[in-house]
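To start, the structure under review is shown below, and the notes come after it.
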Amino acid sequence: MLPLVLYDILSELPGNYWSANPAKPRSVLRVLHANYKELPFVTLWVEYLDISIAMKSIGAKPVKRRNGSDVYTIPVLSDPNTGALITDSLEIVSYLEKTYPEKPIFPNSSEPLIRAFDSAYMSLILPGFKPMLPRTIEILSPASAKFFIRILSLLGETRWEAVSEENAQQQWENLKKGLDEIDKWYQKSGGKWIMGDTFSFADMVVACRTMWWNTIFDEEQLRELHSWNGGRWASILADVNAECGTDL
């Protein structure tokens, strides 16, 4: 069996790993490899500024922005065993679930519910999201950082310091407020996972976003984040790593 190919975004960090969205299918691929020893996968790293050119060159499909325009994104998965080429982390995971179903990560036909969870989760953390983006500059290569800055300039921001202290604090409070709501969901689950004692892709969504925060927040911010909700977010990340055999 030929190895599957996952396209991810290059960084200056050891091991390169930082982006939440590629981390989701990578975690699923780790689980699959543990159950399908003959199903290897490799990662191909793409500079942030080269994403559009690289994805066009392999024939990947763009996704739609909210304004209706096309944009090429990562992750993308190529499966040479079936000829499939899939864009978007959730669609990649859905494909893997259907094609290699030995270890379900949408257990009990829960894919529609987990898709709703993913949307609801993002809607709750987005109000605290905007000031995080400039911090990403610090972990990209110089060329990609310049490209990223040009994109951020459309939002009127190029650095973390460019966000006013008052606005940054409000965004931080918005993030905590969103996580407080998500914590209530976990409290009602009756177990360590969002589906109680049943592990699912929903928990990967939460863990991978926490992984991204771990790469961009400073030590003081991380201490505060990891103290929220009884340390739930660091615990979920550790539990997902143990479940998937990953090191997010």
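Computed from a predicted model, the values in this text were never measured in an experiment.
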Practice problem: Calculate, to the nearest 0.5 Å, the distance between atoms CG and CD1 belonging to Leu175 and Ile125 respectively. | Solution: 7.0 Å
Quiz item: To the nearest 0.5 Å, what is the distance between OG (Ser123) and CG (Asp118)?
Solution: 10.0 Å
Quiz item: Does Arg232 reach the side chain of Lys192, with side-chain heavy atoms less than 4.5 Å apart?
Solution: no
Quiz item: What are the two closest non-hydrogen atoms of Asp197 and Gly191, and how far apart are they?
Solution: OD1-CA, 3.9 Å
Practice problem: For Asn21 and Ile74, run side-chain contact (heavy atoms from CB on, under 4.5 Å): C-alpha distance rounded to whole Å, both residues' side-chain angles, the deciding distance at 0.1 Å, then the answer. | Solution: CA-CA 8 Å; Asn21 288 328; Ile74 281 178; over 6 Å; no
Self-check item: Validation row: Ile58, Ser78 side chains within 4.5 angstrom (heavy atoms)
Solution: no
Quiz item: Where do Ile139 and Ile216 come nearest, in terms of heavy atoms and distance?
Solution: CD1-CG2, 4.4 Å
Quiz item: Could you walk me through whether Glu111 and Arg115 pass the salt bridge (Lys or Arg N to Asp or Glu O under 4.0 Å) check?
Solution: CA-CA 6 Å; Glu111 181 174 347; Arg115 284 179 176 269; 3.0 Å; yes
Practice problem: Give a yes or no on whether the backbone of Glu47 and the side-chain of Ser144 come within a donor-acceptor separation of less than 3.5 Å. | Solution: no
Quiz item: Is any side-chain heavy atom of Thr246 closer than 4.5 Å to a side-chain heavy atom of Val31?
Solution: no
Quiz item: Any chance the rings of Tyr17 and Trp45 have centres within less than 6.0 Å?
Solution: yes
Quiz item: So how far is it from Leu77 CG to Asp88 CG, rounded to the nearest 0.5 Å?
Solution: 12.0 Å
Self-check item: Modelled atom types, side-chain donor and acceptor of Tyr95 and Thr82, under 3.5 Å
Solution: yes
Quiz item: Heavy atoms, side chains only, cut-off 4.5 Å: are Thr87 and Pro62 in contact?
Solution: no
Self-check item: Nearest-0.5 Å distance that lies between atom OH in Tyr186 and atom CG in Asp183
Solution: 10.0 Å
Practice problem: Report the hydrophobic cluster partners of Val63, with the cluster defined as I, L, V, M, F, W, Y residues connected by side-chain heavy atoms closer than 4.5 angstrom, directly or transitively. | Solution: Val71
Self-check item: Pairwise distance CG(Leu10) to OG(Ser19) - rounded to 0.5 angstrom
Solution: 12.0 Å
Exercise. Determine whether Thr136 and Trp212 make a side-chain contact, defined as any pair of heavy atoms from C-beta on separated by less than 4.5 Å.
Key: yes
Quiz item: So do Thr210 and Ile236 actually touch side chain to side chain, heavy atoms under 4.5 Å?
Solution: no
Self-check item: Check against side-chain contact (heavy atoms from CB on, under 4.5 Å), Arg30 and Phe41
Solution: CA-CA 9 Å; Arg30 292 284 189 190; Phe41 76 95; 4.1 Å; yes
Exercise. Could you pull out the closest heavy-atom pair between Glu243 and Lys103, with the gap in Å?
Key: OE2-NZ, 4.1 Å
Quiz prompt | Nearest non-hydrogen partners of Val28 and Leu96, listed with the distance | solution = CG1-CD1, 3.9 Å
Exercise. Mind listing the closest non-hydrogen atom pair of Leu85 and Ala60 along with its distance?
Key: CD2-N, 3.5 Å
Quiz item: With a 4.5 Å limit on heavy-atom distance, are the side chains of Trp213 and Trp233 in contact?
Solution: no
Exercise. Is it possible for you to say whether Leu32 and Leu44 belong to one hydrophobic cluster, with membership spreading through side-chain heavy-atom contacts below 4.5 Å?
Key: yes
Quiz prompt | Distance (rounded to the nearest 0.5 Å) between Glu181 CD and Tyr121 OH | solution = 13.5 Å
Quiz item: Going hydrophobic residue to hydrophobic residue with side-chain gaps under 4.5 angstrom, can you get from Phe147 over to Ile53?
Solution: no
Self-check item: salt bridge (Lys or Arg N to Asp or Glu O under 4.0 Å) between Lys176 and Asp180, worked out
Solution: CA-CA 6 Å; Lys176 185 178 187 305; Asp180 285 345; 3.2 Å; yes
Quiz item: Would you say Val93 and Leu113 are hydrophobically clustered, going by side-chain heavy atoms of ILVMFWY under 4.5 Å?
Solution: no
Quiz item: Do Asn241 and Asp247 meet the criterion of a side-chain donor-acceptor pair at a distance under 3.5 Å?
Solution: no
Quiz item: Is the closest side-chain donor-acceptor distance between Trp172 and Glu224 under 3.5 Å?
Solution: yes
Self-check item: Glu97 side chain vs Ile105 backbone, donor-acceptor pair below 3.5 Å
Solution: yes
Quiz prompt | Closest approach of Ile114 to Ala202 (non-hydrogen atoms, all atoms of both residues) | solution = CG2-N, 3.9 Å
Quiz item: Does any non-hydrogen side-chain atom of Glu220 lie less than 4.5 Å from one of Leu225?
Solution: no
